[in-house]
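Before any comments, here is the structure.
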Amino acid sequence: MKKLVKPLIIIIATILICVLCINPIFSNISYGIDLQGGFEILYNVEPLEKGDEITDEDLQNTYKAIINRIDTLGVSEPVITIEGNNLIRVQLPGVSNEQEARNRISTTAVLSFRDVNDNLLMTSDVLGKGGASAFYNKEKLRYNVELSISDTTKFYEVTKKISSMTDGNNLIVTWLDFNEEKDSYANSKDNCGSSNTGCISAASVSEGLNTSKVTIDGNFTREEAELLAELINSGSLPTKLTEEATPKSVSASFGSEVIKKTALAGIISFAIITFILIFKYRFSGFIGSTSLLVYILLVFAIFNAVDGVLTLTGIAALILGIGMAVDSIIISNERVKDELSKGTKLLQAFKDGNKNSIGAIIDANITTLIAGIVMYIFGESSVRGFATMLIITIIITVFSTVILYRFILSLIVKSKYFNDKHICLFGKIKNKKQVDYVKIAKYPILVSLTIVIFGIIFALVRGFNFGVDFTGGTNINLSSQNDIDFNKVVEIVKDYDVRDYNYYMGSKTEGYIKLNDILSEKEELSVKDELSSLGIETSLSVISTLVTENLTKNAIKSLMYSLIAIIIYIAIRFNINYAISGILMLIHDVLIIIAVFAIFGISVDFIIVASLLTIIGYSINDTIVVFDRIRENRSKLYRNKKKLTKEELKNLVNTSSIGTINRSIWTSITTIVCIITLLCVGLSDIYTFNIAILIGLIAGTISSLLIGPRLWMILEYRSMQKPEEDDDEIEELKIKGINS
């Protein structure tokens with residue numbers, strides 16, 4: 001009993017430390033706009049001059065200029081990312097004044113100095129960094145902007161040249177965002193300096209000016225002068241920015257509601273998973289729950305340390321990570337129980353069980369880690385955010401639910417307190433039923449083929465119910481304290497092409513409306529204001545087809561590269577038949593999800609990419625565990641046989657499936673708990689994600705346990721039937737009496 005005190009103290013201390021860390025860790029999480037509120041813009045970066053091409057240097061300079069401008073807005077956690085060759089995504093969590101932010105970011109603020117014939121004399125290159133300031137001119141009783149000149153030599157040469165021109169032509173005209181197609185001094189000289197033209201000022205020059213200070217004397221208000229100074233100080237954009245989409249525009253109250261629901265779903269999910277682990281594995285389940293709590297806190301602590309921004313796709317990766325973390329605990333416990341069922345003593349059963357399970361756990365995590373790294377390298381936007389969280393969760397899984405869990409459990413086992421009561425430590429040991437899984441597999445194969453075929457038919461005849469993420473248009477998520485009256489909502493947007501509207505999961509307080517039209521900034525604000533007057537909070541998404549093409553191409557590219565990397569790893573670690581079977585099962589799971597969406601007309605939004613990534617990670621993890629057991633049993637049952645008969649292969653697959661059925665079912669249950677909880681709390685923004693994951697989990701469990709092993713058996717049998725290569729060595733000649 002004394003030896004039990006130390007591990008109990010460690011468990012209690014671990015729980016207390018976790019409790020103390022909960023508030024500091026979760027209070028420092030940076031939330032994305034879908035969880036916090038704010039808005040997001042995707043800019044198409046174009047050259048200032050027609051015919052020019054955008055270079056990497058142009059993108060980097062534009063990126064830096066945008067960062068400088070956002071700094072003037074005071075946004076605490078902006079996210080700016082370059083995507084592809086000509087796109088920059090800007091996410092501004094917590095920003096309430098969208099219009100001001102948009103104007104501040106996208107105004108090109110290209111300051112140029114020209115003559116009266118619009119010929120370029122100088123660019124903003126002559127200015128000193130941060131050298132613009134607004135000040136009140138007491139003599140003229142208006143606000144001016146003062147510029148610091150860094151290249152005084154060039155400024156002197158230009159002003160000297162202009163001063164030699166005739167009266168009326170000896171002017172330096174200062175322009176903001178000069179447009180060669182529509183701007184000219186001839187047309188603007190009468191109102192140059194007013195707020196409705198890019199012509200800021202036209203100053204006469206009588207002599208060469210060798211000065212470090214120049215005043216722009218325009219008809220500015222205080223706000224206009226300060227804005228111009230800030231734009232100049234933040235750097236002139238070397239490119240033209242065109243808004244391609246505002247994929248998210250979420251009010252602060254709408255975002256806070258999502259955070260509350262997410263937190264509630266997390267607490268409920270953890271409580272249910274803890275109950276399941278304790279119910280199934282008794283005291284070791286309690287230790288597993290403690291390790292899982294450590295896992296969750298460490299994931300968020302590291303996520304904060306790397307300045308991660310938590311989004312809904314990050315939550316998707318976290319769900320997958322929780323599933324894999326719980327899976328590590330279940331695999332270890334099931335292998336220990338396998339040893340105990342043989343009559344092995346507790347300590348030895350614990351050692352052998354851990355030894356037998358470590359290979360499956362490492363292989364499963366490495367394959368998912370490889371997929372995560374590939375997605376991070378080649379992915380963009382939400383794909384990269386998903387990959388970041390996935391990589392972190394896998395690393396922490398190995399520490400918390402493998403190293404930490406086994407360390408604490410080893411102390412418990414070595415205390416010898418549970419030697420004669422191992423049921424209290426690992427739960428009841430039941431005899432495993434002998435089931436012909438190979439025979440049963442033909443039924444799910446037929447069901448899968450039927451679903452896929454019907455899915456193809458529905459897709460060809462009716463098509464998919466694509467959301468605005470893929471077709472372009474506007475999607476408005478609605479949330480209200482009272483029942484939503486869609487008649488009034490439709491009346492507000494009647495002038496636009498309404499595609500669809502409905503409630504989420506039957507809840508009349510949450511719903512959506514989809515428009516085929518892409519709303520302008522003014523129309524967006526008008527619609528949001530009118531809906532707000534009805535007591536309806538909105539999360540608005542506007543997206544163009546250019547975004548669709550880029551996001552889809554990048555997601556497909558990331559998926560393909562991930563699959564290739566997984567094939568290579570499994571082929572090296574196992575063999576090519578395992579690799580082919582595993583990849584085909586991934587494709588099977590993805591096809592089932594897509595087919596069900598086609599059959600039932602479920603809206604296909606871009607967040608489905610996150611669900612497919614999640615299922616691929618989950619499915620390959622599931623499949624690897626089963627394949628690892630097949631490989632292990634083959635070496636035990638048929639150690640010296642290179643070729644197996646059909647019956648032997650069938651026995652091998654059935655034996656392995658029987659050994660993993662418990663683990664597969666309980667791992668799926670714990671992951672499904674998270675999904676159902678998210679559905680129940682009403683997170684409408686990830687409704688399609690939850691549905692896709694639910695379908696994928698069921699399909700993945702069945703394919704990994706039944707279809708995959710049977711497919712491997714067929715491939716393996718065919719490989720064994722290939723004739724061995726003839727021996728090319730020359731047979732030794734037999735000569736009687738000499739070597740015979």
Side-chain angles (χ1 to χ4, degrees), residues 280 323 327 330-331 333-335 337-339 341-342 356-357 359-360 363-364 429-452 570 574-575 577-589 591-592 615 618-638 641 643-672 695-720:
K280 179 68 177 169
D327 191 40
I330 292 176
I331 291 174
N333 285 4
E334 287 298 322
R335 295 309 291 264
K337 290 174 74 172
D338 286 345
E339 297 301 319
S341 66
K342 299 174 185 177
N356 293 335
S357 63
D363 281 330
I429 300 172
K430 297 180 180 180
N431 294 326
K432 294 179 179 178
K433 296 180 180 179
Q434 298 301 310
V435 180
D436 190 348
Y437 288 104
V438 172
K439 183 178 180 180
I440 294 174
K442 65 182 180 182
Y443 299 110
I445 291 173
L446 290 173
V447 172
S448 294
L449 287 173
T450 303
I451 293 173
V452 171
I570 298 177
F574 293 80
N575 67 34
N577 290 334
Y578 288 104
I580 294 172
S581 303
I583 292 302
L584 288 177
M585 289 308 95
L586 297 185
I587 295 172
H588 162 274
D589 300 341
L591 287 177
I592 292 294
I615 289 303
Y618 174 85
S619 183
I620 195 62
N621 174 75
D622 222 12
T623 303
I624 287 293
V625 172
V626 179
F627 283 173
D628 184 81
R629 185 63 73 96
I630 291 175
R631 181 179 59 178
E632 178 189 330
N633 285 336
R634 179 169 183 172
S635 64
K636 289 180 179 179
L637 300 174
Y638 309 105
K641 293 192 69 173
K643 292 186 176 182
L644 303 181
T645 64
K646 277 187 177 180
E647 284 302 314
E648 288 172 333
L649 283 170
K650 181 179 177 181
N651 178 59
L652 175 60
V653 168
N654 281 332
T655 302
S656 303
S657 296
I658 290 168
T660 54
I661 181 70
N662 232 351
R663 167 261 160 201
S664 297
I665 290 175
W666 284 102
T667 296
S668 298
I669 288 173
T670 54
T671 312
I672 287 173
I695 298 166
L697 283 173
I698 297 170
T701 301
I702 294 172
S703 67
S704 300
L705 191 62
L706 298 173
I707 304 176
R710 177 159 181 159
L711 177 60
W712 171 84
M713 186 184 78
I714 294 170
L715 294 174
E716 192 74 5
Y717 182 73
R718 287 184 178 180
S719 298
M720 290 177 179

(request) Can you see which heavy atom on T671 is nearest to which on G323, and at what distance? (result) OG1-CA, 3.6 Å

(message) To check you understand the geometry: which heavy-atom pair defines the closest contact between I630 and P709, and what is its length?
(response) CD1-CB, 4.1 Å

(message) Are S668 and L697 packed together at the side-chain level, in the sense that at least one heavy-atom pair is separated by less than 4.5 angstrom?
(response) no

(message) So, taking the atom named OH in Y717 and the one named CG in N577, what distance separates them when rounded to the nearest 0.5 Å?
(response) 14.0 Å

(message) Determine whether a donor-acceptor pair (N or O, by modelled atom type, separation under 3.5 Å) exists between the side chain of N654 and the backbone of Q434.
(response) no

(request) Write down the atom of H588, the atom of A699, and the distance for their closest heavy-atom approach. (result) CE1-O, 3.9 Å

(message) Tell me the closest heavy-atom pair linking I702 and P444, and the distance in Å.
(response) CG2-CB, 3.5 Å

(request) Supply the atom-to-atom distance I592 CD1 to I451 CD1, rounded to the nearest 0.5 angstrom. (result) 4.5 Å

(request) Return the minimal non-hydrogen interatomic distance between S657 and Y437, and the atom names on each side. (result) CB-CD1, 3.5 Å

(message) Could you go through Y638 and T645, starting from their C-alpha distance and side-chain angles, then the distance that decides it, and tell me whether this counts as side-chain contact (heavy atoms from CB on, under 4.5 Å)?
(response) CA-CA 11 Å; Y638 309 105; T645 64; over 6 Å; no

(request) Examine distances only and state if a side-chain atom of N575 and a backbone atom of Y578 form a donor-acceptor pair shorter than 3.5 Å. (result) yes

(request) To the nearest 0.5 Å, tell me how far D589 CG sits from L584 CG. (result) 11.0 Å

(request) May I ask you to decide if M720's main-chain N or O and K643's side chain share a donor-acceptor pair within less than 3.5 Å? (result) yes

(request) Kindly compute the distance separating OG1 (T670) from NZ (K280), expressed to the nearest 0.5 Å. (result) 12.0 Å

(message) Please check: side-chain N/O of T667 versus main-chain N/O of S664, any donor-acceptor pairing under 3.5 Å?
(response) no

(request) May I ask you to check whether over 12 heavy atoms, not counting those of K636, lie within 6.0 Å of atom NZ? (result) yes

(message) Please evaluate residues I665 and I669 with respect to the criterion side-chain contact (heavy atoms from CB on, under 4.5 Å), reporting the C-alpha separation (whole Å), side-chain torsions for both, the decisive distance (0.1 Å), and the verdict.
(response) CA-CA 6 Å; I665 290 175; I669 288 173; 3.8 Å; yes

(message) With side-chain contact (heavy atoms from CB on, under 4.5 Å) as the criterion, how do L706 and Y443 come out once you've worked through the C-alpha distance, each side chain's angles and the decisive distance to 0.1 Å?
(response) CA-CA 10 Å; L706 298 173; Y443 299 110; over 6 Å; no

(request) Working to the nearest 0.5 Å, report the span between CG of D338 and OG of S357. (result) 10.0 Å

(request) Run through I658, T655, V653 and flag the one making a side-chain contact (heavy atoms from CB on, under 4.5 Å) with N633. (result) T655

(request) Could you tell me the separation between the OG atom of S341 and the CD1 atom of I429, rounded to the nearest 0.5 Å? (result) 6.0 Å

(request) Taking all heavy atoms of G700 and all of S704, pick out the closest pair and write down the distance. (result) O-OG, 2.8 Å

(message) I'd like to know if R629 and E334 make a salt bridge, using a cut-off of under 4.0 Å between side-chain N and carboxylate O.
(response) no

